[in-house]
Every structure is written in structure tokens, then in C-alpha cells.
Amino acid sequence: SMPPAEQQAEHEHVIKFLTAEILKNNTTLTKLEEFQERGLPLPLLLSAAGIRSPVFGKMRKRRTTFSREQLANMERMFQKHPYLTPGQRADLAKSLKLAQIQVQVWFQNRRAKCKKTGI
């Protein structure tokens, strides 16, 4: 547990952040209070109000937009090898200037698409 002074400082930081977000999102405090009365936990309240607080959990990385070249290369590789070895994945990621996890997830999604469309 945090020392009381540190907890107070963090609490004030959260309140300032929420106030700014509420003003920015035009969300009324009464709406938040109404939800809070129903016993919803704070992170859920915030998401209900369209607020993403860095204090609660990690912020999600924005969705990657692949270039046409990156997509064409991954698609070409997928036609030859729908399942990449770790070495193939590392090489492909490096050549496309992407993180291995981005290549991995793209291939997983591509296989799911194949399965879904019955190709």
C-alpha cells in the first residue's frame, strides 16, 4: 500500500485528469454519479463515460495501418507458408520493419479469415 501523502497526490491527479476528460468529452458529472450510485467500479464508470485513464490499466496501442508493400509481402508469404517458423517470422518482420508480434497477429488473423470464408 502507498503512503497516505502519495495516495492523496495520486487521488488529486486522478481527479484533475477526470475533470479535464469530463469537460473535454462533455460528460456530465451527474451521469458519472448516477452510475456510481449503482455500485459500478471506477474503471467501468470511466469507460462508460468514454474516458480512458492512464491510471487504470495499460493504454492500448493504436491499431497498426500496414503499408501496401507490407501487406503485399505478408500476403505473398502467406500463400507459400500460412504458418511461419519463428525464424521466418523474425526475418519477415525485420525486412518489413515491423515487430514480430505484428507479423504474428497478422498471420493469425489471416488464417482466421481463411477459415471463416472457407478458402
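Here the structure is a predicted model, which means the values were calculated and not measured. Computation of the quantities below employed the complete heavy-atom set of this structure, encompassing side-chain atoms and omitting hydrogens, waters and symmetry-equivalent molecules.
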Would Q104 and I101 count as a side chain to side chain contact (heavy atoms under 4.5 Å, CB included) if you check the C-alpha gap in whole Å, the side-chain angles of each, and the deciding distance to 0.1 Å? CA-CA 5 Å; Q104 184 178 349; I101 191 71; 3.8 Å; yes

For E75 and Q79: C-alpha separation, side-chain torsions, deciding distance, then whether side chain to side chain donor-acceptor pair (under 3.5 Å) applies. CA-CA 6 Å; E75 191 61 55; Q79 297 308 321; 2.7 Å; yes

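In this structure, T85 OG1 and D91 CG are separated by 8.0 Å, a value rounded to the nearest 0.5 Å. With values rounded to the nearest 0.5 angstrom, M77 atom CE is found 4.5 Å from Q88 atom CD. Rounding to the nearest 0.5 angstrom, the gap separating the NZ atom in K113 from the CH2 atom in W106 is 8.0 Å. The OH atom of Y83 sits 13.5 Å away from atom CZ of R89, with the distance rounded to the nearest 0.5 Å.
Hydrophobic clustering, with ILVMFWY side chains joined whenever heavy atoms are under 4.5 angstrom apart, keeps L98 apart from V105.
Of all the heavy atoms in R76 and N73, the pair that sits closest is NH1-OD1, 2.8 Å. For the pair P82 and F107, the tightest heavy-atom approach, listed with the atom from each and the gap, is O-CD2, 3.5 Å. Of all heavy-atom pairs between Q100 and A90, the closest is NE2-CB, 3.5 Å.
Scanning for salt bridge (Lys or Arg N to Asp or Glu O under 4.0 Å) contacts around R111 gives an empty result, with sequence neighbours left out.
Remark: the backbone N or O of S67 is paired with a side-chain donor or acceptor of Q70 at under 3.5 angstrom.
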